[in-house]
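Remember, predicted model here, so these are calculated numbers, not experimental data. Just so it is clear, the values below take in all heavy atoms, side chains as well, and ignore hydrogens, waters and symmetry mates.
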Amino acid sequence: MLKPMLALMFWTLCVALYLLTLRILAVRKGTVSIGYFRLYPPDQAAPARALAAARHYDNLFQVPILFYLACVTSLAMGLNGPVALAWGFVALRVVHGLIHMGYNNVMHRFIAFMASNLLLVAIWVVIALQLGSRA
């Protein structure tokens, strides 16, 4: 469970660096002023790619928190965690991100998002069953 968790952390860092790059380029091109990033005023908008990357970066601190918690729980309890499911979750989150920050088809993104959430539920079910069998 540690390797999938580290892989998702690495993906999060990659998205952060991509977002930083897009923001720097937007300021250099004059698309937005650096002051925009102080308050994000509603009368001024960053480029669409930067907005999508920012939204995806925020998303990586929402549902994936439950994934990290599942991994840590599995490791702390000495369980034989569902590693294949964990890798599937990570892969789908990367696919979700590539869609979100790429061509951004909402239905394709939704399918990847929902599939990753179903895998997350399956991860928690496996952990719960393993904990239940110990009692």
Side-chain angles (χ1 to χ4, degrees):
M1 296 297 279
L2 184 60
K3 288 180 182 178
M5 186 170 59
L6 291 173
L8 190 57
M9 287 285 301
F10 178 73
W11 172 246
T12 302
L13 293 174
C14 288
V15 172
L17 290 174
Y18 178 65
L19 175 58
L20 177 63
T21 301
L22 290 175
R23 287 180 172 180
I24 289 170
L25 289 173
V27 171
R28 284 189 179 165
K29 289 180 180 178
T31 309
V32 294
S33 70
I34 197 156
Y36 168 80
F37 297 106
R38 283 191 201 108
L39 299 173
Y40 300 91
D43 62 331
Q44 188 180 10
R49 290 183 79 87
L51 290 174
R55 180 67 188 109
H56 187 70
Y57 184 71
D58 289 345
N59 189 266
L60 287 169
F61 292 94
Q62 296 169 2
V63 171
I65 297 301
L66 298 174
F67 171 74
Y68 292 126
L69 182 59
C71 291
V72 169
T73 299
S74 182
L75 291 168
M77 300 298 293
L79 302 175
N80 184 16
V83 178
L85 293 175
W87 277 116
F89 177 83
V90 171
L92 285 167
R93 294 307 298 193
V94 171
V95 167
H96 175 260
L98 293 173
I99 294 168
H100 199 175
M101 295 179 295
Y103 67 99
N104 205 11
N105 180 290
V106 174
M107 286 309 297
H108 294 169
R109 199 174 85 212
F110 175 73
I111 290 166
F113 179 78
M114 289 309 297
S116 71
N117 284 347
L118 289 173
L119 282 182
L120 183 59
V121 169
I123 289 167
W124 276 105
V125 167
V126 169
I127 289 171
L129 289 173
Q130 288 179 352
L131 286 173
S133 69
R134 286 185 167 190

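- By the 4.5 Å side-chain criterion applied to Ile, Leu, Val, Met, Phe, Trp and Tyr, Ile111 is assigned to no cluster and stands alone.
- Note that the NE2 atom of His56 and the OG1 atom of Thr12 stand 7.5 Å from one another [nearest 0.5 Å].
- Across all non-hydrogen atoms, the minimal contact from Leu22 to Ala53 is CD1-CB, 3.9 Å.
- If you chain together hydrophobic residues whose side chains sit under 4.5 Å apart, Ile127 and Tyr68 fall into the same group.
- Atom CZ of Phe37 is separated from atom CD1 of Ile24 by 9.5 Å, given to the nearest 0.5 angstrom.
- Put simply, the side chain of Leu98 reaches to within 4.5 Å of the side chain of Trp11, judged on heavy atoms.
- Side-chain contact between Phe67 and Pro4: present, with at least one pair of heavy atoms (C-beta onward) separated by less than 4.5 Å.
- Remark: Leu6 CG to Met1 CE distance equals 12.0 Å, nearest 0.5 Å.
- Closest of all the heavy-atom pairs between Ala70 and Ile123 is CB-CG2, 3.8 Å.
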- [ ] Would you sort out whether Tyr103 and Arg109 count as a side chain to side chain donor-acceptor pair (under 3.5 Å), showing the intermediate values?
- [x] CA-CA 10 Å; Tyr103 67 99; Arg109 199 174 85 212; over 6 Å; no
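- In the displayed structure, Ile34 atom CD1 is contacted under 6.0 Å by at most 12 heavy atoms of other residues, nucleotides or ligands.
- When every heavy atom of Val32 is checked against every heavy atom of Pro47, the shortest pair comes out as CG1-CD, 4.4 Å.
- Closest approach of Leu19 and Ala50 over heavy atoms only: CD1-O, 3.6 Å.
- Counting non-hydrogen atoms of neighbouring residues, nucleotides and ligands closer than 6.0 angstrom, the CZ atom of Phe10 reaches no more than 12 such neighbours.
- Contact annotation: the side chain of His100 never approaches that of Tyr57 to less than 4.5 Å [non-hydrogen atoms, C-beta and beyond].
- When the ring pair (Phe, Tyr, Trp, His ring centres under 6.0 Å) test is applied to Phe113, the partners found at least two apart in sequence or on another chain are His96.
- Taking CG of Asn117 as the reference point, atom CZ of Phe110 lies at 9.0 Å (rounded to 0.5 Å).
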Please table the atom pairs, donor to acceptor, closer than 3.5 Å between any side-chain atom in residues 72-87 and protein atoms at least two apart or in another chain.
| from | atom 1 | to | atom 2 | distance (Å) |
| --- | --- | --- | --- | --- |
| Thr73 | OG1 | Leu69 | O | 2.7 |

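- Taking CZ from Arg38 and OG from Ser33, the interatomic distance works out to 7.5 Å, rounded to the nearest 0.5 Å.
- Taken to the nearest 0.5 Å, the CZ atom of Arg49 stands 9.5 Å off from the CG atom of Asn104.
- In this structure, Met9 is a member of the same hydrophobic cluster as Leu92, with clusters built from ILVMFWY side-chain heavy atoms closer than 4.5 Å.
- With sequence neighbours excluded, the residues forming a ring pair (Phe, Tyr, Trp, His ring centres under 6.0 Å) with Tyr36 are Tyr40, listed by chain and number.
- Under a 4.5 Å side-chain heavy-atom cut-off, the cluster of Ile, Leu, Val, Met, Phe, Trp and Tyr residues that includes Leu13 has no other member.
- No chain of hydrophobic side-chain contacts below 4.5 Å, direct or via other Ile, Leu, Val, Met, Phe, Trp or Tyr residues, connects Leu118 to Ile99.
- Cluster annotation: Tyr18 and Leu25 are assigned to distinct hydrophobic clusters (Ile/Leu/Val/Met/Phe/Trp/Tyr, side-chain heavy-atom contacts under 4.5 Å, transitive).
- Other members of the cluster containing Leu17 do not exist, because no ILVMFWY side chain is joined to it at under 4.5 Å.
- Transitive grouping of hydrophobic side chains (ILVMFWY, heavy atoms separated by less than 4.5 Å) brings Leu120 and Leu8 into a common cluster.
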